[in-house]
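So the structure is just underneath, and the comments pick up after that.
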Amino acid sequence: MAAPSVGVLSFRLFVLAGFVTLYPRTLAATLPNIVVLFADDLGYGDLEIYGHPTSSSPNINELALGGLRFTQFYSTSPVCSPSRASLLTGRYQTRSGIWPGVLVPDCTGGLPSNETTIAELLKKQGYTTSIVGKWHLGVGTNNEHLPLNHGFDSYFGVPYSHDMCPCRTCFYPNDACYNDCDPEYSNCPLFQNSTLVEQPVDLLTLDERYSQHATSWIAEKATQNAPFFLYLAFQHTHHPQYASKQFRNSTLRGMFGDSLAALDWTVGQVMKQLRDSGIMDNTFVFFTSDNGPSLRNENRGGNAGLLKCGKGTTYEGGMRVPGIAHWPGHIKPGRTTELASIMDLYPTIANLVGAKMPDVTIDGIDMAPILFSDTPKSRRESFFYYFTFPDPNVGVYAVRYKQYKAHFYTQGEGNSDAKNHDPDCRPSAKLTRHDPPLLYDLHVDPSEQFALNTTEYQDIVKKTTQLYNEFNANMEWGASQPANHDTSAEPCCNKGCTPFPECCHCGKDGRLIGNKYSSKVNRLK
């Protein structure tokens with residue numbers, strides 16, 4: 001599909017809460033391709049372009065230098081499954097029932113079928129859709145929660161985090177994994193569409209296969225007269241870190257750096273394919289992460305930069321993430337300090353392609369005034385922070401209003417490390433109610449070190465409290481999807497085999513390590 005010239009572009013005029021936005025919309029035959037690149041556990045301070053001194057990410061650097069880099073971009077959750085639900089539905093995860101925590105292999109629940117994903121919206125506009133990589137929104141007892149039931153035409157990937165299974169070889173040539181994993185579950189599965197094709201998945205070839213599937217799919221679709229949506233959800237940089245021969249010991253930053261280098265290489269391969277296929281100028285690309293860094297992995301974990309705490313918490317390090325928008329000729333390269341969130345991609349993409357959004361509450365806000373205006377300005381003034389384990393009796397922990405953040409509750413979490421130098425981050429920091437709330441000005445204190453004197457900011461306290469009360473009162477909590485468990489939901493290519501789950505093995509590396517897994521097998525800390 002050839003990229004349109006300026007002469008074939010049409011424009012729609014949107015009036016958005018006081019903003020008049022010139023929103024580029026290509027003609028029906030040349031709707032823009034959409035590529036979402038979604039990293040896992042990649043912290044605000046992990047990328048070279050975001051200031052890490054030893055990370056090597058030249059391809060992401062190039063993406064950022066040619067695009068718009070966000071400095072105040074947020075995930076809706078400090079853990080995996082909920083943020084993925086928000087990305088795909090444009091809604092806070094509590095509405096779709098992806099709470100509390102994350103979906104594990106034996107969960108019978110998943111993203112409800114009545115949720116309309118961005119893939120489903122795009123299919124109605126003539127798009128072909130594909131996901132490569134980590135799904136983490138459920139499998140189900142009959143694969144009913146896999147991506148093909150949520151608007152995707154094809155799927156190739158591992159349906160959850162690769163630590164939710166026995167740890168096997170993680171580093172070339174045959175070195176063990178250096179993190180805790182879950183030996184009580186079946187071996188990590190690799191799916192092609194709804195068919196389990198490999199168990200356990202071979203991590204040492206997974207990056208190459210993800211890249212090959214993504215780039216060959218792009219190349220194929222580029223020759224067809226139809227736009228496409230690619231959702232590439234990386235396993236990296238979630239633990240356990242892993243690296244093939246190409247990336248083992250390839251960076252100064254050790255195991256995490258090697259894993260990041262593999263992620264960066266895949267980004268480079270995708271961007272190269274867009275160029276080689278002649279469709280770069282007609283493709284909207286967005287790169288971001290599902291949550292902050294896993295600090296409990298210490299030297300093998302990520303980095304939140306100057307932000308407080310990390311994964312699992314509602315401090316900035318847990319939910320502020322990198323965000324990069326790229327579309328040559330449409331998005332002006334640079335940096336923006338405007339407020340935005342992963343759920344904002346949903347209405348942005350929907351409006352970009354002229355798709356009608358479902359008749360439900362959409363929490364995302366169109367980012368067009370940030371992306372396409374000569375005077376970028378976000379329509380988002382507020383943002384709400386849910387903890388890892390949301391509780392309807394507690395609601396959100398914190399509220400951001402403009403540059404101010406009010407903590408009504410704080411709590412540490414294990415993913416931010418029991419030995420963290422900051423005691424607020426540790427799991428020993430129990431749930432604490434703050435009345436009045438702890439108040440910070442994130443424009444001058446992004447590290448949340450110096451709480452403001454609330455007596456001097458009564459108007460802000462009043463406003464954030466109003467937002468807090470209204471949001472909690474109006475939230476409609478969906479039935480909890482991670483709540484129910486059954487071993488029949490665990491993927492197994494030898495259904496009914498014994499001894500379960502050790503017997504679940506097939507495909508490229510379908511061999512058992514010994515007769516039985518135990519908590520000591522390949523679980524080096």
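All values reported here derive from a predicted model rather than from experimental measurement.
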Requested in this report: Evaluate the criterion side chain to side chain donor-acceptor pair (under 3.5 Å) for residue pair Gln241 and Ser259; output intermediate values, then yes/no.
Outcome: CA-CA 6 Å; Gln241 308 303 333; Ser259 292; 3.0 Å; yes
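- A side-chain donor-acceptor contact under 3.5 Å links Ser130 and Ser154.
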Requested in this report: Walk me through it: do Ser83 and Asp290 pass the test side chain to side chain donor-acceptor pair (under 3.5 Å)?
Outcome: CA-CA 6 Å; Ser83 61; Asp290 64 347; 4.5 Å; no
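- Remark: of the listed residues Phe471, Tyr468, Tyr385, Tyr468 is the sole one forming a ring-ring contact (aromatic ring centres under 6.0 Å, His included) with Phe408.
- Asp46 and Asn303 share no side-chain donor-acceptor pair at under 3.5 Å.
- Using modelled atom types, one finds a donor on one side chain and an acceptor on the other under 3.5 Å when comparing Gln93 with Ser86.
- Between Cys181 and Cys167 the SG-SG gap is short of 2.5 angstrom.
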Report task. Take Ser55 and Arg253, measure what side chain to side chain donor-acceptor pair (under 3.5 Å) needs, and give me the verdict at the end. Result -> CA-CA 6 Å; Ser55 286; Arg253 200 180 163 186; 2.9 Å; yes
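- Across the pair Cys188 and Cys165, the gap between the SG atoms, which is the quantity tested here, stays under 2.5 Å.
- A ring-ring contact (aromatic ring centres under 6.0 Å, His included) with His236 is found for exactly one of Tyr242, Phe256, Tyr210, namely Tyr242.
- A donor and an acceptor atom, one from each side chain of Thr251 and Asp258, are located under 3.5 Å apart.
- Ring centers of His326 and Phe287: at least 6.0 Å apart, outside the cut-off.
- Thr336 pairs by the side-chain contact (heavy atoms from CB on, under 4.5 Å) definition with Leu68, Phe70, Glu338, Ile370, not counting sequence neighbours.
- There is no side-chain donor-acceptor pair under 3.5 Å between Asn420 and Arg426.
- Every residue was checked against the side-chain hydrogen bond (donor to acceptor under 3.5 Å, both in side chains) condition with Tyr440, not counting sequence neighbours, and none meets it.
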Report task. Apply side chain to side chain donor-acceptor pair (under 3.5 Å) to Ser294 and Asn297, showing your working. Result -> CA-CA 6 Å; Ser294 180; Asn297 291 298; 2.8 Å; yes
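- Here the closest heavy-atom approach between residue Gly43 and residue Pro322 is recorded as O-CG, 3.7 Å.
- In this structure, CZ on Arg69 lies 12.5 Å from CD1 on Ile60, to the nearest 0.5 angstrom.
- With Glu316 contributing its side chain and Glu448 its backbone, the two residues share no donor-acceptor pair below 3.5 Å.
- For the pairing with Phe286, the ring-ring contact (aromatic ring centres under 6.0 Å, His included) check across Tyr231, Phe38, Phe73 returns one residue only, Phe73.
- His136 and Ser81 share a donor-acceptor pair across their side chains, judged by distance under 3.5 Å alone.
- Between Trp99 and Trp477, the ring planes lie perpendicular to each other; the angle is over 60°, past the 30° to 60° tilted range.
- Taking the side-chain contact (heavy atoms from CB on, under 4.5 Å) definition, one finds that His485 meets it with Val104, Asp106, Cys107, sequence neighbours left out.
- In this model, no donor atom of one side chain and acceptor atom of the other lie less than 3.5 Å apart for Gln199 and Asn187.
- Residues Thr410 and Asp424 have side chains not in contact (no heavy-atom distance under 4.5 Å, counting atoms from C-beta outward).
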Query raised in the report: Would Lys311 and Glu413 count as a salt bridge (Lys or Arg N to Asp or Glu O under 4.0 Å) if you check the C-alpha gap in whole Å, the side-chain angles of each, and the deciding distance to 0.1 Å?
Result: CA-CA 8 Å; Lys311 181 178 178 178; Glu413 210 274 335; over 6 Å; no
Query raised in the report: Would Tyr404 and His443 satisfy ring pair (Phe, Tyr, Trp, His ring centres under 6.0 Å), going step by step from the backbone distance to the final call?
Result: CA-CA 8 Å; Tyr404 298 101; His443 280 186; 8.2 Å; no
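- Tyr185 and Glu490 share no side-chain donor-acceptor pair at under 3.5 Å.
- Checked against the 6.0 Å centroid criterion, the rings of His150 and Trp135 qualify as a close aromatic pair.
- Across every non-hydrogen atom of Leu103 and Leu137, the tightest pair is CD1-C, 3.4 Å.
- Smallest separation of non-hydrogen atoms from Arg84 and Ala233: NH1-CB, 3.9 Å.
- A cation-pi contact, defined as under 6.0 Å to the ring centre and within 45° of the axis, links Arg433 to Tyr409.
- The one candidate from Arg95, Arg380, Arg91 that meets the salt bridge (Lys or Arg N to Asp or Glu O under 4.0 Å) condition with Asp363 is Arg95.
- Relative ring orientation between Phe387 and Tyr397 is described as parallel, the plane-to-plane angle staying below 30° on a 0-90° scale split at 30° and 60°.
- Side chains of Tyr74 and Arg400: a donor-acceptor N/O pair is present below 3.5 angstrom, by distance only.
- Between His239 and Tyr178, the ring center distance fails the sub-6.0 Å criterion.
- The number of heavy-atom neighbours closer than 6.0 Å to CD of Glu208, taken from other residues, nucleotides and ligands shown, is 12 or below.
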